[in-house]
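Report on one structure; see the data block that follows.
Throughout, protein chains are lettered first and strands after them, A, B, ... in sequence-line order, and every chain is numbered starting at 1.
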4 protein chains.
Amino acid sequence: MSSTFIGQRLRLSIFGQSHSEAVGMTLDGLPAGIPVDLDALQLFLNRRAPGRNDWSTPRREEDRPEFLCGLKDGFTCGAPLTAVIRNANTRPKDYSQLRIMPRPGHADYTAEVKYGGFQDCSGGGHFSGRLTAPLCVAGGILKKILERRGVTVDARIAAIAGIWDRSPFEASVAGKEFPVVDDAAGEKMRAAIQSARADGDSVGGVIECVVRGLPAGVGEPMFDGLENQLARVLFAVPAVKGLEFGAGFSAANLRGSDNNDAYCIREGRVEALTNNAGGILGGISNGMPVVFRVAVKPTPSIAKAQRSVNLQTLTEEELRITGRHDPCIVPRAVPVIEAAASLAIYDFMED
Amino acid sequence: MSSTFIGQRLRLSIFGQSHSEAVGMTLDGLPAGIPVDLDALQLFLNRRAPGRNDWSTPRREEDRPEFLCGLKDGFTCGAPLTAVIRNANTRPKDYSQLRIMPRPGHADYTAEVKYGGFQDCSGGGHFSGRLTAPLCVAGGILKKILERRGVTVDARIAAIAGIWDRSPFEASVAGKEFPVVDDAAGEKMRAAIQSARADGDSVGGVIECVVRGLPAGVGEPMFDGLENQLARVLFAVPAVKGLEFGAGFSAANLRGSDNNDAYCIREGRVEALTNNAGGILGGISNGMPVVFRVAVKPTPSIAKAQRSVNLQTLTEEELRITGRHDPCIVPRAVPVIEAAASLAIYDFMED
Amino acid sequence: MSSTFIGQRLRLSIFGQSHSEAVGMTLDGLPAGIPVDLDALQLFLNRRAPGRNDWSTPRREEDRPEFLCGLKDGFTCGAPLTAVIRNANTRPKDYSQLRIMPRPGHADYTAEVKYGGFQDCSGGGHFSGRLTAPLCVAGGILKKILERRGVTVDARIAAIAGIWDRSPFEASVAGKEFPVVDDAAGEKMRAAIQSARADGDSVGGVIECVVRGLPAGVGEPMFDGLENQLARVLFAVPAVKGLEFGAGFSAANLRGSDNNDAYCIREGRVEALTNNAGGILGGISNGMPVVFRVAVKPTPSIAKAQRSVNLQTLTEEELRITGRHDPCIVPRAVPVIEAAASLAIYDFMED
Amino acid sequence: MSSTFIGQRLRLSIFGQSHSEAVGMTLDGLPAGIPVDLDALQLFLNRRAPGRNDWSTPRREEDRPEFLCGLKDGFTCGAPLTAVIRNANTRPKDYSQLRIMPRPGHADYTAEVKYGGFQDCSGGGHFSGRLTAPLCVAGGILKKILERRGVTVDARIAAIAGIWDRSPFEASVAGKEFPVVDDAAGEKMRAAIQSARADGDSVGGVIECVVRGLPAGVGEPMFDGLENQLARVLFAVPAVKGLEFGAGFSAANLRGSDNNDAYCIREGRVEALTNNAGGILGGISNGMPVVFRVAVKPTPSIAKAQRSVNLQTLTEEELRITGRHDPCIVPRAVPVIEAAASLAIYDFMED
């Protein structure tokens, strides 16, 4: 049991391996009568799709989902919604050595232990970033539904390789090829990516996401809070190793009098003067924007030689990876974070 | 639906409000025949119990659980295990104003919106830190079972008020009243707490937790990974606003060649030379210690005057909180983090 | 994992053994602001309580629940609702032999195999009919909420010892000590019970339940249909060995043209001329009454000598049971079936 | 939320409509390294496939699943297993009138209410018996795994149109085109089917299923017992309206001394002399065969004219159904019941 999200309203099953016939998803629990705009969805998927620019892997995939069921005349019909994306551009031979010599930072070794030699590690198998494509199919549909209800989910690159974009995040940057607010900072980030690529290396970063328009009162105390649910989904995105809400780790350095968000009245409504809570108190939204950041580790697949081990001979060996990889997955992960957040948030919304 | 943890093997239901008759828990899914050492459990609970020193609330509670069922002659009998802790030292009148004038940083306002005026906000109600007592009953029992199977779960204060204890965390500090490794750093932290208290203020901090002895291969890909499950439980602990595994947010600044943990052979076994992954790759343990840190915000209840609003008149007012509160909950939260982690980890273990 | 019902909206955790300190339940997921009439609940519980008449066990228990949390001023407050009932009138010594010599028809043997000798089999332990008391606490509250929303849940004795009450079931018989429609048939059933008791034996029966007022459109296709969910809860009631909806097993003998419920228009609304479907088509309510029947096996605890085995010596032996038991549990099971059905039905209702 | 089975170990998501591009399933939770014999699976699927004989619909479908992922070199690889079956032989125009004039006994009306006019009712949509094809893919694989572990799951026709096959069910009849034990009774059943077909009508029946080789101790008390879980899955099969275990409804007529299964010692092992309990006590297997029967209602689609209503004009009208349908689905439902039971049973087995 692993790849099925079981929420309050939704059940999302994600399937596929990097080099299997297809990857795909089944989304169960959507009400009937929701329009699904496939063109808008394709634009969303294109933001994640590989092979389109110099910071992503040269593996080019069209990422064009085929909907097998659940839609009728452009609307959901109440039955589960299933979409598959065929894997076209696969090169299984690139990966033949990995079951014997695991790549550091990848799941090759842990999967080998868990699946006792039967795993399909080709291209990373079920652990591949390719599985974020079906997550984006589900999340892209849900993000659009949320929008129609006045809830927007927007992410941006906050940092890459230690270079921060500290501009306030006030409007979507989804239209930009490199989704930062401050393009000057973006230029420095791109240079850092190119420099890492030139060295046969990779870089990581931080993505910030803001959910606006969520009314107060959404979420549950304790195990089913907004934070818990967002965390449960966000850590399903490969390479995410940290998550913080609002002031997050900085709050640990503050005093209560600084960290508490004082309430005020604005146009007859309760608001907070600051948003250190990231819009969530006691697991429940307070009507302020929900703000969180995730730490994305540098792509583990690098061209540089690395120390690994031969699992058959139990000897140490040098590993050189020859597949096609992103020197930085942060830009492509931005819509994935939006998709994951949309899934977590939608699941709490009343019909 | 909120206060029931539904795992692979365990179901934990936590109930109670700060000032209700009792708080308690039901743990369902433990095999029969497990010895439960109530004295050892009490020692664990005492680490969390309030009223024992100058950094915790003067509300003194014995935190002595009564087991209603599930135990027979000191062993689990296969039936659900239920324990209740009576709330003895309650002062409901302290809280009469809070439904009208919510405390910044607390769930008073979000609960009022969600529960439409019916919430029991006395003492924080179901959102109170008091609910971590039954979590510690469950977690304390599970921690002990894990220990018998060679898996230890140890947490320590890593930072308070920006003062860090950077000593390596190699052995339990559970025996210390103030659970740091570096007592000199601990002294500075205690001084910072006293200083905040003197100012009618509070401070936050960071707790680090290390799980040792977990074999490789534990956890699942995607939504049911070790990170997802730990996150789901840890964000149930009040005041936790951030979580990172291994290098966490620092990994975002590293290159892949630095962040990847190279494999090596030690005494015929596969190990990693570093542990930036925090012992988890692809959601699955790799045999290295599982390491994570949580950010704990400063206690929102402070004596200082704060800006709030009157929800009836929708006017801004000054709030002065008169209840009994901790100037810093980080020390008392250390065993709570161990309890939460034990719950998350045990749930994945094969019998 | 066993004694936690996980529904769409509700989570119900039932705990306790027949002779433990207490039995009880936690109901999580009720909205805040629901009035709970404890007097009405007590009347409902009294219908199940033992020791009140000549067909039930002489073990007399008050079945008076103590609510530990979740209520404030008579209304639900949004937090989990927990109630415990102390076990007063226990006689553990009656059961000392059962772990060695299991009672035919009871769970003594299966529990012994499963729990490896650690089970608390005293009084049937967690398998005892006593656990239906907390189920009735939860179900009694939910039944009342349903009533306020126009949905009634009523059960009656349909048959005991092969004697049927074939009168139409049009109004509640909850006020009767012996809940049949046709009192003449009831007299015969009572005589059959007394006859069995005189022989040191027991009898079984059939309970019919009707849910009226449920609007069309409630339920889900496939695994989460009304039938699936009712079944999941009803088979949790000890001694239930069969379940049928509408025409049920008789439908197997009919032709489609007889079994299909023709639609008609009554006062401008769609209705069906018959109700062989028991109000459910495709797992979803059709607006007709939901009708089902459960088969209740005869109480396995009988005074008559029975053949059993000694699990230590693996020899066949004669067993004589000396505890206090019901010669027929069907009358007391009537409110239990109402409680179980109320749980299953409420869980599907929109707020 | 509807079409996802969430068990202890497995999660099965079933998707598709009768006339959508495809139907299919994702099975999550199988261990890696399990051989999947696609030829054996196809033989199993052929037992359910339509269009092969005179009691089934003339709609002929090959029911040949394409596995998209989860298999590698004939073995499960630990990732979710997804298979799709294309819908080839669809005739959507047959169903154009059904959204306006619902077929009695079908889900047309309840789905219309629930999905507010957006349902895909063509061919029964997601409620079609066609959805049992992917259930058989999952169940067929699980049945084979159980077999390799010594657990067999066999079903047979017990009755059709009131004609019973009362021969003891001691060996699989899977090889027979018409799966009865007593072929003479079978002949009479076939005659009854032909007679109903000639009348433009249909007949129902009873299927009995026996699970042999299940060790004692499998299952959980209360909500997660063997009976509960089997019920949850079996009522997902369209047309099932009743379920009984062991003596079932007959037990209601027995005395305890007759219904209790006396224990004995056979070859040094505990057994029962009878099996009125159907192999289950307290929700847990007792080592005897698990025996249950399901009532299958007559196919609601009949050629005879029926009374229905026009949902637009709210007038009563006569309905004539012109699609292709089975005069009796009981024979084809036999492997479906085996598949459903295999799913329920496997989910409880330890690895």
Side-chain angles (χ1 to χ4, degrees), chain A residues 2-3 5 104-105 107 110 113-114 126-127 162 196 201-206 216-217 220-224 227-228 231-232 235-236 241-245 248-249 251-257 259-265 270 281-282 284 286 295 297-300 302 304 307-309 314 316, chain B residues 1-3 5 104-105 107 110 113-114 126-127 162 201-206 216-217 220-224 227-228 231-232 235-236 241-245 248-249 251-257 259-265 270 281-282 284 286 295 297-300 302 304 307-309 314 316:
Chain A
S2 56
S3 303
F5 168 79
T110 55
V113 171
K114 184 169 189 73
H126 190 57
F127 297 86
D201 215 330
S202 65
V203 288
V206 174
E220 299 282 340
M222 225 169 274
F223 299 111
D224 289 334
E227 287 143 327
N228 309 251
R232 183 157 62 123
F235 281 113
K241 295 299 279 188
L243 169 63
E244 59 178 8
F245 294 90
F249 277 89
N253 303 332
L254 298 178
R255 283 190 162 192
S257 56
N259 186 61
N260 285 350
D261 300 310
Y263 290 109
C264 62
I265 302 292
V270 176
L281 288 170
I284 301 169
N286 67 358
K297 72 179 182 184
T299 327
I302 54 177
K304 268 192 172 173
R307 291 179 61 176
S308 184
V309 292
L314 286 182
E316 302 187 356
Chain B
M1 292 197 293
S2 57
S3 304
F5 168 80
T110 55
V113 171
K114 184 169 189 73
H126 189 58
F127 297 85
D201 215 331
S202 65
V203 288
V206 174
E220 300 283 340
M222 225 169 276
F223 300 110
D224 290 334
E227 287 144 328
N228 309 250
R232 182 157 63 122
F235 280 112
K241 295 299 278 189
L243 169 63
E244 59 178 9
F245 294 89
F249 277 90
N253 302 332
L254 298 178
R255 283 190 160 193
S257 56
N259 187 60
N260 285 349
D261 300 310
Y263 290 109
C264 61
I265 302 293
V270 177
L281 288 169
I284 302 169
N286 67 358
K297 73 178 182 183
T299 326
I302 54 177
K304 268 192 171 173
R307 289 179 62 176
S308 184
V309 292
L314 286 182
E316 301 187 357

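Note on Gly256(A), Gly217(A), Gly105(A): by heavy-atom pairs under 4.5 Å with chain B, the leading option is Gly256(A). For the set Phe235(B), Phe5(B), Phe127(B), the entry with the most heavy-atom pairs within less than 4.5 Å of chain A is Phe235(B). Highest contact tally toward chain B, considering only Gly162(A), Ala251(A), Ala107(A), Ala295(A), is held by Ala295(A) [criterion: heavy-atom pairs under 4.5 Å]. The candidate with the highest count of non-hydrogen atom pairs below 4.5 Å against chain B, out of Val113(A), Val206(A), Asn259(A), Asp201(A), is Asp201(A). Contact count versus chain A (heavy atoms, under 4.5 Å) is highest, among Ala216(B), Ser202(B), Ala252(B), Gly204(B), for Ala252(B). For chain A, the option among Ser308(B), Ala262(B), Ala236(B), Ala231(B) with the highest count of heavy-atom pairs below 4.5 Å is Ala236(B).
For chain B, the nearby part of Thr299(A) is the backbone; its heavy atoms alone come within less than 4.5 Å. With a threshold of 4.5 angstrom between heavy atoms, Asn286(A) approaches chain B through its backbone and through its side chain. Only the side chain of Ile302(B) comes within less than 4.5 Å of a heavy atom of chain A; its backbone N, CA, C and O stay farther away.
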Problem set entry | Test log, rule side chain to side chain contact (heavy atoms under 4.5 Å, CB included), inputs Lys241(B) and Glu227(A) | CA-CA 8 Å; Lys241(B) 295 299 278 189; Glu227(A) 287 143 327; 2.7 Å; yes
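Evaluation of the side-chain hydrogen bond (donor to acceptor under 3.5 Å, both in side chains) rule for Asn260(B) yields Gln306(A) as partners, not counting sequence neighbours. Partners of Leu314(A) under the side chain to side chain contact (heavy atoms under 4.5 Å, CB included) rule, at least two apart in sequence or in another chain, are Ile265(B), Val270(B).
Here the closest heavy-atom approach between residue Asp261(A) and residue Pro104(B) is recorded as O-CB, 3.5 Å.
Side-chain contact check for Glu244(A) versus Glu244(B): every heavy-atom pair is 4.5 Å or farther apart. Proximity of Pro298(A) to Arg255(B): side-chain heavy atoms (C-beta onward) are nowhere separated by under 4.5 Å.
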